Amino acid sequence: MCVAAAPARFSGTILYAGQAQREGRLVHVLGYENTVQNRAKPARRRRLRRRSDVGNAMLLHFPAVEGSMTQMNVVDTESCPHILTDMVAAAFPQPASMDTLVQSLAPDTVEVFESGIYTVVLATDATAIPGALDQVPKPKRPALNDRLFDWYSEQFPGWPVALCCFANRDARRATPMLWWYEPRFPGCLFAPAIDSHTCGVPDLNHSVDVDHRVVFGIPAGGLGAPVGYSDRLPEPVRALLPFHVTGVTYVGARLPNADFVVSVDSLDHGVPTVERRVLPAA
């Protein structure tokens with residue numbers, strides 16, 4: 001699951017989508033974790049370089065209010081690496097296998113920062129990413145892929161896009177990434193799941209194989225499975241996490257190539273109405 005800038009293998013993906021209050025305002029929360037393996041090969045003219053020097057990246061898109069995301073929207077989870085697996089354990093008892101709100105950003109703003117095994121390039125528009133790649137450490141830096149960035153810009157104009165760069169050749173479980181954002185669509189929760197692992201532009205007209213569990217936070221007072229977190233939660237993390245969840249699992253399934261969207265209203269009874277579709281740009 002997810003879109004890669006060059007050939008890669010992703011497996012065991014966990015997605016979390018929920019909502020929380022931050023500084024008195026409703027925000028949506030996205031959690032993402034997977035096992036990632038770089039399969040990119042150097043260009044023929046660069047064969048003398050060690051294979052480990054060829055970087056790769058995956059892309060995540062957010063239905064956030066335009067210009068509202070910076071690296072301050074990423075919450076540090078290094079001290080609590082089990083938050084998403086704890087949610088899965090609660091949602092699937094028998095598993096199948098605040099800082100203040102930031103000011104709006106100017107167009108084409110790009111930030112580069114570290115998050116777990118990833119170097120993240122966060123841009124207000126995907127076409128601004130290539131100009132920032134020289135800030136990514138060379139071992140993680142993916143080959144330029146203008147067609148892919150142009151596709152994101154055309155498909156999701158005004159959406160923040162994160163390029164998460166990695167280099168590991170051995171499959172490695174990533175530390176959970178936890179993001180909060182001001183939603184364009186407050187009535188539905190979103191989990192990015194558009195798929196392409198070959199560096200090509202995603203084909204939204206075909207089905208894809210999926211291997212992930214999707215967990216949704218239940219609103220206070222709703223029905224769901226209680227989560228027992230095994231890590232000591234820092235307050236910035238605790239404030240964004242749910243204490244009751246529900247979820248759906250798709251392991252070895254084949255689904256339309258799209259994202260996961262669930263109605264917030266459907267979560268009150270702990271039975272989410274999950275759709276596999278692409279949200280409109282606006």
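Since the structure is predicted, the reported quantities are computational estimates derived from the model, not experimental observations.
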Chemist: Between Asp209 (side chain only) and Arg254 (backbone N and O only), is there a donor and an acceptor less than 3.5 Å apart?
Modeler: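 It does not hold such a pair.
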Chemist: Does the side chain of Tyr152 pick up a donor-acceptor pair with the side chain of Asp150 at under 3.5 Å?
Modeler: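 There is no such pair (donor and acceptor under 3.5 Å, judged by atom type) between the side chains of Tyr152 and Asp150.
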Chemist: Tell me the closest heavy-atom pair linking Gly31 and Leu84, and the distance in Å.
Modeler: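 That would be C-CD1, 3.9 Å.
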Chemist: Would you give the length of the straight line joining atom CZ of Arg184 to atom CG of Leu279, rounded to the nearest 0.5 angstrom?
Modeler: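 Going from the CZ atom of Arg184 to the CG atom of Leu279 covers 10.0 Å.
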Chemist: Is the closest side-chain heavy-atom distance between Phe216 and Val274 below 4.5 Å?
Modeler: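 The answer is yes; the side chains approach within 4.5 Å.
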Chemist: Applying side-chain contact (heavy atoms from CB on, under 4.5 Å) between Leu163 and each of Leu133, Leu122, Val120, report the one that passes.
Modeler: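 Answer after filtering Leu133, Leu122, Val120: Leu133.
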Chemist: With Arg276 as the cation and Phe260 as the aromatic partner, state whether NZ or CZ is under 6.0 Å from the six-membered ring centre and within 45° of the axis.
Modeler: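 Relative to the ring axis of Phe260, which defines the angle, Arg276 lies inside both limits.
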Chemist: I need the Trp180 CH2 to Gln21 CD distance, nearest 0.5 Å.
Modeler: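 Here the interatomic distance stands at 12.5 Å.
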Chemist: Please name the pair of heavy atoms, one in Gly67 and one in Thr124, separated by the smallest distance, quoted to 0.1 Å.
Modeler: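 The answer is CA-CG2, 4.4 Å.
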Chemist: What is the minimum heavy-atom distance between Met69 and Ala64, and which atoms define it?
Modeler: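 Here Met69 and Ala64 meet closest at SD-CB, 3.8 Å.
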Chemist: With a 4.5 Å cut-off on side-chain heavy atoms, are Val208 and Leu255 touching?
Modeler: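 In short, these two side chains do not touch, never coming nearer than 4.5 Å.
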Chemist: Applying the side-chain contact (heavy atoms from CB on, under 4.5 Å) criterion to Val3, which one of Leu148, Leu60, Val161, Val201 satisfies it?
Modeler: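 That would be Leu148; it is the only one of Leu148, Leu60, Val161, Val201 passing the side-chain contact (heavy atoms from CB on, under 4.5 Å) with Val3.
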Chemist: Classify the side-chain pair Glu114/Thr119 by whether it contains a donor and acceptor separated by less than 3.5 Å.
Modeler: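 Per modelled atom types, Glu114 and Thr119 side chains form a pair under 3.5 Å.
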Chemist: Using only heavy-atom distances, determine whether the side chains of His206 and Asn257 contain a donor-acceptor pair under 3.5 Å.
Modeler: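 The answer is no; no qualifying pair exists.
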Chemist: What verdict does the side-chain contact (heavy atoms from CB on, under 4.5 Å) test give for Val210 and Asp195, after you've listed the backbone C-alpha separation in whole Å, the side-chain angles of each residue and the deciding distance to 0.1 Å?
Modeler: CA-CA 9 Å; Val210 296; Asp195 190 284; 5.5 Å; no
Chemist: Are Tyr181 and Val65 in one and the same hydrophobic cluster, where Ile, Leu, Val, Met, Phe, Trp and Tyr link if side-chain heavy atoms are under 4.5 Å apart?
Modeler: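 No: no chain of side-chain contacts under 4.5 Å links Tyr181 to Val65.
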Chemist: Check the pair Glu66, Trp159 against side-chain contact (heavy atoms from CB on, under 4.5 Å), reporting the backbone distance first and the verdict last.
Modeler: CA-CA 6 Å; Glu66 186 171 357; Trp159 287 37; over 6 Å; no
Chemist: Quick one: pull up CG in Asn73 and OG in Ser68 and give me the separation to the nearest 0.5 Å.
Modeler: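 Between Asn73 CG and Ser68 OG, I get 6.5 Å after rounding to 0.5 Å.
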Chemist: Under 6.0 Å between ring centres, would you say that holds for Tyr16 and Tyr32?
Modeler: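 No, the ring of Tyr16 stays outside the 6.0 Å limit from the ring of Tyr32, centre to centre.
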Chemist: I'd like to know if the side chain of Asp231 and the backbone of His82 have a donor-acceptor N/O pair within less than 3.5 Å.
Modeler: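 Yes: the side chain of Asp231 pairs with the backbone of His82.
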Chemist: Start with the C-alpha gap between Glu33 and Met177, add the side-chain angles, then the distance that decides, and say whether side-chain contact (heavy atoms from CB on, under 4.5 Å) holds.
Modeler: CA-CA 6 Å; Glu33 179 182 339; Met177 287 192 289; over 6 Å; no
Chemist: Output the distance between atom CD (Gln19) and atom CD1 (Ile218), rounded to the nearest 0.5 Å.
Modeler: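 Between Gln19 CD and Ile218 CD1, I get 10.0 Å after rounding to 0.5 Å.
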Chemist: Do you see a donor-acceptor pair shorter than 3.5 Å between the side chains of Thr127 and Asp125?
Modeler: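 There is such a pair (donor and acceptor under 3.5 Å, judged by atom type) between the side chains of Thr127 and Asp125.
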Chemist: Any side-chain to backbone donor/acceptor pair from Ser266 onto Thr273? Under 3.5 Å, distance only.
Modeler: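 Here the side-chain-to-backbone pair exists.
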Chemist: Got Ile14 and Asn34 here, is their nearest side-chain heavy-atom distance under 4.5 Å?
Modeler: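 No; the side chains remain at least 4.5 Å from each other.
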Chemist: Do Val261 and Leu189 make a side-chain contact, defined as non-hydrogen atoms from C-beta onward lying under 4.5 Å apart?
Modeler: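 Contact flag for Val261/Leu189 side chains = no.
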Chemist: Whether Glu275 and Arg277 form a salt bridge (side-chain N of Lys/Arg under 4.0 Å from carboxylate O of Asp/Glu) is what I want to check.
Modeler: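 Judged by the 4.0 Å cut-off on N to carboxylate O distance, Arg277 and Glu275 do form a salt bridge.
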Chemist: If you look at every heavy atom in Pro234 and Ser79, which pair is closest and at what distance?
Modeler: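 That would be CG-OG, 3.3 Å.
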Chemist: Contact between Val110 and Ile129 at the side-chain level, heavy atoms closer than 4.5 Å - yes or no?
Modeler: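 Contact flag for Val110/Ile129 side chains = no.
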Chemist: Does any N or O in the side chain of Thr77 come within less than 3.5 Å of the main-chain N or O of Pro81, such that one atom is a donor and the other an acceptor?
Modeler: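 Absent.
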Chemist: If you count every heavy atom of other residues, nucleotides or ligands that lies below 6.0 Å from Arg232 atom CZ, does the total exceed 12?
Modeler: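 Open: at most 12 neighbouring heavy atoms sit under 6.0 Å from CZ of Arg232.
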Chemist: Check Val215, Val214, Asp259, Val248 against Leu15 for a side-chain contact (heavy atoms from CB on, under 4.5 Å) and give me the one that passes.
Modeler: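 When Val215, Val214, Asp259, Val248 are each tested with Leu15, the side-chain contact (heavy atoms from CB on, under 4.5 Å) holds only for Val214.
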Chemist: Say whether, by atom type as modelled, one donor and one acceptor occur between the side chain of Arg141 and the main chain of Val136 under 3.5 angstrom.
Modeler: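 Yes.
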Chemist: If you round to the nearest 0.5 Å, how far is SG of Cys80 from CG of Leu241?
Modeler: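 Interatomic distance, Leu241 CG to Cys80 SG, rounded to 0.5 Å: 7.0 Å.
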Chemist: Using ring centroids (six-membered ring only for Trp), state whether Phe62 and Trp179 fall under 6.0 Å.
Modeler: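 Yes; Phe62 has its ring centre under 6.0 Å from that of Trp179.
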Chemist: For the residue pair Pro142 and Ala57, what are the closest heavy atoms and their distance?
Modeler: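 Smallest heavy-atom distance, with atoms named: CG-CB, 4.0 Å.
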Chemist: What heavy-atom pair brings Ala17 and Phe190 nearest, and what distance separates the two atoms?
Modeler: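 Closest heavy-atom pair between Ala17 and Phe190: CB-O, 3.5 Å.
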Chemist: Can you find a heavy atom in the side chain of Met58 that is under 4.5 Å from one in the side chain of Tyr118?
Modeler: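 Counting from C-beta outward, Met58 and Tyr118 do come under 4.5 Å.
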Chemist: Looking at CD of Gln155 and NE2 of His61, how far apart are the two atoms once the value is rounded to the nearest 0.5 Å?
Modeler: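 One finds 8.0 Å between CD of Gln155 and NE2 of His61.
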Chemist: I'd like to know if the side chain of Asn56 and the backbone of Ala167 have a donor-acceptor N/O pair within less than 3.5 Å.
Modeler: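 No; zero donor-acceptor contacts below 3.5 Å.
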Chemist: Considering only heavy atoms from C-beta outward, does the side chain of Gln135 approach that of Phe113 to under 4.5 Å?
Modeler: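 No, side chains not in contact.
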Chemist: Does Gly55 offer a backbone N or O that forms a donor-acceptor pair with the side chain of Lys138 under 3.5 Å?
Modeler: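 Flag not set: sc Lys138 to bb Gly55 has no pair under 3.5 Å.
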Chemist: Check whether Val112 and Leu144 end up in the same hydrophobic cluster, where Ile, Leu, Val, Met, Phe, Trp and Tyr are linked by side-chain heavy atoms less than 4.5 Å apart.
Modeler: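 Linked within one cluster.
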Chemist: What's the verdict on side-chain contact (heavy atoms from CB on, under 4.5 Å) for Val278 and Leu204, showing C-alpha distance, side-chain angles and the deciding distance?
Modeler: CA-CA 9 Å; Val278 177; Leu204 301 183; 4.1 Å; yes
